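Owing to the predicted nature of the structure, the values given are computational and were not obtained by experimental measurement.
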Amino acid sequence: MPAPRPAPGPDAARELTGWAVFACVLVPVVLLWCGTAPVTAVGAGLGLAGVTVACRTLLRRSLREAARGVADHTRAGTPVD
């Protein structure tokens with residue numbers, strides 16, 4: 001049986017968010033380079049930024065809940081699934 005992988009921590013979330021921000025900047029630049037209207041490029045960047053913020057919020061909440069669940073199981077002395 002393979003060993004369980006550890007849950008991603010705050011460093012993984014920070015790295016993922018950094019790449020998402022990079023994409024939010026890169027996409028409008030590429031769209032402008034390809035000749036897309038500036039309004040469309042900015043709109044795409046803002047849309048990606050909104051999705052990034054929502055995903056970051058959900059990821060942080062998920063990590064917080066996972067940490068709380070592990071702490072609850074550790075205090076109670078029950079094994080963690």
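- Between L32 and T36, the shortest heavy-atom contact is CD2-O, 3.8 Å.
- Atom CZ of residue R64 and atom CG of residue L59 lie 10.5 Å apart, to the nearest 0.5 angstrom.
- We find the CG-CG distance between L26 and L31 to be 9.0 Å, quoted to the nearest 0.5 Å.
- Taken from CD in E65 to CZ in R60, the straight-line distance is 13.0 Å, to the nearest 0.5 Å.
- Counting only heavy atoms from C-beta outward, the side chains of P28 and V42 never approach each other to under 4.5 Å.
- With rounding to the nearest 0.5 Å, the separation of CG in L48 from OG1 in T52 is 6.0 Å.
- Within the model, atoms CZ of R56 and CZ of R61 stand 13.0 Å from one another, a figure rounded to the nearest 0.5 Å.
- In the hydrophobic clustering of this structure, F22 groups with V30; members are Ile, Leu, Val, Met, Phe, Trp, Tyr whose side-chain heavy atoms approach within less than 4.5 Å, directly or through other members.
- Checked by atom type and distance alone, the side chain of T57 pairs as donor or acceptor with a backbone atom of V53 at under 3.5 Å.
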